[in-house]
Amino acid sequence: MLTCLCAVLWHLPAVPALNRTGDLGPGPSIQKTYDLTRYLEHQLRSLAGTYLNYLGPPFNEPDFNPPRLGAETLPRATVDLDVWRSLDDRLRLAQNYEAYSHLLCYVRGLDRQAATAELRRGLGHFCTSLQGLLGSIAGVMAALGYPLPQPLPGTEPTWAPGPAHSDFLQKMDDFWLLKELQTWLWRSAKDFNRLKKKMQPSAAAITLRLKAPGF
Amino acid sequence: MAAPVPWACCAVLAAAAAVVYAQRHSPQEAPHVQYERLGSDVTLPCGTANWDAAVTWRVNGTDLAPDLLNGSQLVLHGLELGHSGLYACFHRDSWHLRHQILLHVGLPPREPVLSCRSNAYPKGFYCSWHLPAPTYIPNTFNVTVLHGSKIMVCEKDPALKNRCHIRYMHLFSTIKYKVSISVSNALGHNATAITFDEFTIVKPDPPENVVARPVPSSPRRLEVTWQTPSTWPDPESFPLKFFLRYRPLILDQWQHVELNDGTAHTITDAYAGKEYIIQVAAKDNEIGTWSDWSVAAHATPWTEEPRHLTTETQAPETTTSITSSLTPPPTTKICDPEELGNGNGGGPLAPFPTWVPVTLALATAAATANSLLI
C-alpha cells in the first residue's frame, strides 16, 4: 500500500524565468519537455534493471506477469484510445503533471528504503531528473496560461506508516511503480509529440502573449 | 392378342430388378474415414466380415497382393504417405463390395510457432502462427487473447488463414497480453502461448515507394524520397523516424544515416558514376523495433556528358573528375556496423544519441571538400 506525503510539491511556486522562451511561445519548452522524457526513459531502463535485480526473482524475470493487485494509488498511464486522442491540451498537460507529482513522491520513498549506495545514487539522480521534468511541464502550462493542478482539500497524498507490509508485497509495489513509471514516460513522449505538432504552426510565426496571472 | 415380349427384353428387366434388389439390401456406404500415424502399422478390417471370409482388397482401384492379408483383414506395415487412399474389400467370388476405408496417413501436430506484431500502432496488432512441420492431415487452430483477466476478440484475417487481428481498447497499459494457441487434428493435440507488453511488439512495415534520383549537375549526390508505410494509421501523433542505408553495387559495406524527421534525404558523398543501391527502414520514435528494409531503390549519380573529342581539342576536365572519383570520400568508415558489432544485416542499429550529428557533420564536410575538386 503506497502512501506518500508530497505537500511540498503541490505548493511549488509558479515557475519563474520564462522570459527566455517567452517570445518563442511554448514550442521550445515543449520540445525540451519531450527531450526530458526521452532522457528519463533512458535513465530508467538501466535503473529499473539494477533495482529489479536487487529485488531478486521473480521480479527480475522477463516473463514475470503478476496480476495488478494493490498499488491502487499509483497513477495509471493506461487510457482509452479515443479518450486519449480527444484530450484537450490543458487536461493532457494536467494529467502528466499530476502523475509525475505522485510518481516523484513514490520514487523518493524507494530512495529512502534503498539498501545499496549504488541504488541510492541512481535513484537520487533519477529523482532530480524527474523533478526537472515536473518543472518543465509546469513551465509549458504556465506559458499556455493554464493553472497548475492543485489537489482538492483532503485528497492530498499523505505518507503515514501504513500497516505492517509483508516484504513480498512491498516488492510488488516497487515492481508496479517502476512499470508505471516506464509506461508514463512512453505516454508522455506521445503526449508531447501531439502537443508539439499542434503548436508547430504557431510557435514559428506567432508570438504568444502571456496572460497568466503574475506575469 | 398382345405381341409376345422378346425373351431378351425380359432378361434385361429381370437383371435390372435384381440389381435394384441387391443395392437395396446392401447399400453403398460412404467410406469409413480413418487417420493413422506415419510409420505405424495398421490392420484394416473388412467391415463386419468374419476373419476367415474370402475377400479381395483393392486400393484406389488397384488389386492388392494377398500376402498382405491376415484372414480378411489388410495389414499395412510402416505407413508411408503413399499409403493414403481409398481401400475397398470385395467378396472374392461375387465381387460384392463389402467395405470401404478412406485412409489418411499423417502426424500429430508439433508445437505451433506463434508471433504477434503491431504494424498499426495504436490501432491494434495481429498474430500469426504456423506449424514447424507438416501434418499432412487437416488441423484446426484456436486462438485466445487475454489482457490481464479480460478476454479479447481476435478477428480472423479475411485473406490469410493463419492470422487474426486484435484491436487495442486501451493504450499505455502496464498489463501484459497473453496469446495462446492450440492446434489439434485426428492424431493429436498441441499448444503454446506468448506473453508481451504493448510496446515490445510494435514494428512498422517498411517505408513505401522508395525512389532515388540523380541530382542534375551534382555528380556526387543522390536524392532519396519515400513514404511512411500505409499501414501506419496515425503518423501525426505517432511519428516515425527513418534509417537509410546505401552503398555502390560494387562494394559490400553500407553507409547509414538516421533521420528523425521528414521523408527525404540527399546523399552527398556518392562515388561519381557508380550505381547505388538504397534502402530505408522505419521505427516509431520511442517504442518498438525497426521495420524490415524497404524494397531497394537503384540510382546512379548524374555524370557530365563526355565532350566529343577531336584531334584539336583536349578533355582535361573530364580526366580530373574521373581520377578524383577514385579517391574514397573521408566519410567511409564512420558508421560501419561491423565495427559496432552489428554483424550482418540483422536490421538497423539502435540509435546512439551522438551518432547522427557526427555523420551529418562529416558528410557536409566531405561535400564541401569535394565540391572544390569539381
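Worth knowing before you read on, the calculation uses all heavy atoms, side chains too, and leaves out hydrogens, waters and symmetry mates. Letters go in sequence order (proteins before strands), and every chain restarts at 1.
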Next on the checklist: Looking only at heavy atoms and a cut-off of under 4.5 Å, which of A:Glu180, A:Arg194, A:Arg38 has the most pairs with chain B?
Outcome noted: A:Arg38
Next on the checklist: Between A:Trp84 and B:Tyr168, is the ring centroid distance below 6.0 Å?
Outcome noted: no
Checklist entry - Roughly how far, to the nearest 0.5 Å, is the OG atom of B:Ser173 from the CZ atom of A:Arg187? => result 12.5 Å
Item to check | Donor-acceptor side-chain pairing of B:Glu236 and A:Asn193 below 3.5 angstrom | outcome: no
Checklist entry - Between A:Trp186 and B:Phe199, does the ring centre distance come in under 6.0 Å? => result yes
Checklist entry - Does a sphere of radius 6.0 Å around CD1 in B:Ile151 hold more than 12 heavy atoms from other residues, nucleotides or ligands, not counting ones at 6.0 Å or beyond? => result no
Checklist entry - Where do B:Asp197 and A:Lys179 land on the salt bridge (Lys or Arg N to Asp or Glu O under 4.0 Å) test, with the steps shown first? => result CA-CA 11 Å; B:Asp197 279 311; A:Lys179 203 97 200 272; 3.2 Å; yes
Item to check | Distance, nearest 0.5 Å, that separates CD of B:Glu286 from OH of A:Tyr34 | outcome: 3.5 Å
Next on the checklist: How long is the straight-line distance from CZ of B:Phe196 back to CG of A:Asp63, given to the nearest 0.5 Å?
Outcome noted: 12.5 Å
Next on the checklist: Walk me through whether B:Asp234 and A:Lys190 qualify under salt bridge (Lys or Arg N to Asp or Glu O under 4.0 Å).
Outcome noted: CA-CA 12 Å; B:Asp234 192 356; A:Lys190 300 301 185 195; over 6 Å; no
Item to check | Engaged part of A:Pro66 at the chain B interface, taking heavy atoms whose separation is under 4.5 Å | outcome: neither
Checklist entry - Is atom CG of A:Asp88 surrounded by more than 12 heavy atoms (other residues, nucleotides or ligands) closer than 6.0 Å? => result yes
Checklist entry - Testing A:Val83, A:Leu81, A:Thr183, A:Asp82 for side-chain contact (heavy atoms from CB on, under 4.5 Å) with B:Leu171, which one passes? => result A:Leu81
Next on the checklist: Tell me whether B:Gln227 at atom CD has more than 12 heavy atoms from other residues, nucleotides or ligands lying less than 6.0 Å away.
Outcome noted: yes
Checklist entry - With a 4.5 angstrom heavy-atom cut-off, which part of B:Asn285 approaches chain A: side chain, backbone, both or neither? => result both
Next on the checklist: Taking side chain as everything from C-beta outward and backbone as N, CA, C, O, which of these in B:Thr174 sits under 4.5 Å from a heavy atom of chain A? Side chain, backbone, both or neither.
Outcome noted: both
Next on the checklist: Less than 4.5 Å to any heavy atom of chain B: does that hold for the side chain of A:Trp184, its backbone, both, or neither?
Outcome noted: neither
Item to check | Distance-minimising heavy-atom pair for B:Pro239 and A:Lys197 | outcome: CB-NZ, 3.9 Å
Item to check | Nearest-0.5 Å distance, OG of residue B:Ser237 to NZ of residue A:Lys196 | outcome: 12.0 Å
Next on the checklist: Contact between A:Arg85 and B:Pro122 at the side-chain level, heavy atoms closer than 4.5 Å - yes or no?
Outcome noted: yes
Item to check | Minimum heavy-atom distance B:Met169-A:Asp80, with the two atoms named | outcome: O-OD1, 3.1 Å
